[in-house]
Amino acid sequence: MLNGFKDFILRGNVISMAIGLAVGTAFTAVVTGFSKAFITPLIGLATGSVGNFNDAQFHVGKTVFPYGLAISATIAFLITAAVLYFLIVAPLAKVQARFAKEEAADPKAEKRDCPRCFTEIPAIASRCAHCTSEVEPVATELEKLSVPAAR
């Protein structure tokens, strides 16, 4: 039983996930610190307020609503999302698109209806598989695929 647990823990994907969580936590702390140290005061300068949203609150009766904490968390989230998108997701998508292999076109992917029995057949077919009637292949599909018309 312990050997199975050890094998589970030492699998590569579990260790990678743990490392990713640790790096993500550290990254979140850096972004939160950056937003509290620079972004929040800059917003305060632009709006003419104090800039520290953590202390912002309102009261309804005896209940206190610290809405400033939500504003600070939202700012930290938006910065984290923007940094992750512009520094990781967008460049990685460009790299993947550059190295992506062009998939071969499937000659049977385009479909049309048989003019005699109205069943769906490939656009490049010269005979219907259902009623065995001879049909004219769609010329544009043949040109796309560079397949000579078979009769």
Side-chain angles (χ1 to χ4, degrees), residues 1-115 118-125 128-130 135 137-149:
M1 184 156 109
L2 290 177
N3 286 335
F5 180 71
K6 181 181 78 170
D7 291 341
F8 170 74
I9 292 297
L10 295 179
R11 251 192 244 160
N13 54 359
V14 174
I15 292 174
S16 297
M17 183 182 65
I19 291 170
L21 285 171
V23 169
T25 303
F27 181 71
T28 301
V30 168
V31 169
T32 302
F34 176 77
S35 66
K36 285 181 181 178
F38 294 104
I39 303 298
T40 305
L42 287 174
I43 292 173
L45 285 173
T47 59
S49 63
V50 175
N52 185 2
F53 296 113
N54 291 333
D55 298 333
Q57 58 188 1
F58 67 90
H59 302 276
V60 175
K62 294 183 179 182
T63 306
V64 177
F65 292 91
Y67 69 91
L69 295 174
I71 291 174
S72 295
T74 303
I75 291 170
F77 169 76
L78 291 174
I79 292 171
T80 303
V83 167
L84 288 174
Y85 179 77
F86 290 112
L87 296 182
I88 296 173
V89 174
L92 188 61
K94 285 184 181 180
V95 169
Q96 286 178 338
R98 182 175 293 167
F99 292 111
K101 293 181 182 177
E102 188 174 317
E103 294 183 19
D106 182 15
K108 295 181 181 179
E110 293 293 323
K111 303 286 184 181
R112 66 180 173 132
D113 288 337
C114 172
F118 304 106
T119 58
E120 191 176 73
I121 60 173
I124 63 167
C128 176
H130 301 281
V135 292
V138 177
T140 56
E141 293 302 319
L142 291 174
E143 291 169 2
K144 277 191 224 176
L145 300 171
S146 302
V147 177

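All figures in this text were calculated on a predicted structure; none of them were measured in a lab.
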Check your understanding: Does Q57 reach the side chain of L69, with side-chain heavy atoms less than 4.5 Å apart?
Key -> no
Review point. Is the shortest heavy-atom distance from the side chain of T119 to the side chain of D113 under 4.5 Å?
Key: no
Check your understanding: Do the non-hydrogen side-chain atoms of E110 and I124 ever get within less than 4.5 Å of each other?
Key -> no
Check your understanding: Rounded to the nearest 0.5 Å, what separation is found between the OG1 atom of T74 and the CD1 atom of I79?
Key -> 11.0 Å
Check your understanding: Donor-acceptor pair, R98 side chain versus A93 backbone, under 3.5 Å?
Key -> no
Review point. What's the shortest heavy-atom distance between V135 and P115, and which atoms?
Key: CG1-CD, 3.5 Å
Practice item. Could you tell me whether the side chain of P122 reaches within less than 4.5 Å of the side chain of K111, counting heavy atoms only? Key: yes
**Study point:** Parallel, tilted or perpendicular, as decided by the 30° and 60° cut-offs, for the rings of F58 and Y67
**Key:** tilted
Point to revise | Closest contact, heavy atoms only, I121 versus A129 | key: CG2-N, 4.5 Å
**Study point:** K94 side chain near Q96 side chain, heavy-atom distance below 4.5 Å
**Key:** no
Practice item. Any ring pair (Phe, Tyr, Trp, His ring centres under 6.0 Å) involving residues 70-99? Give me the pairs, sequence neighbours left out, ordered by first then second residue. Key: none
**Study point:** Approximate separation, where rounding is to 0.5 Å, of C128 SG and E120 CD
**Key:** 11.0 Å
Review point. With sequence neighbours left out, what residues match F34 under ring-ring contact (aromatic ring centres under 6.0 Å, His included)?
Key: F38
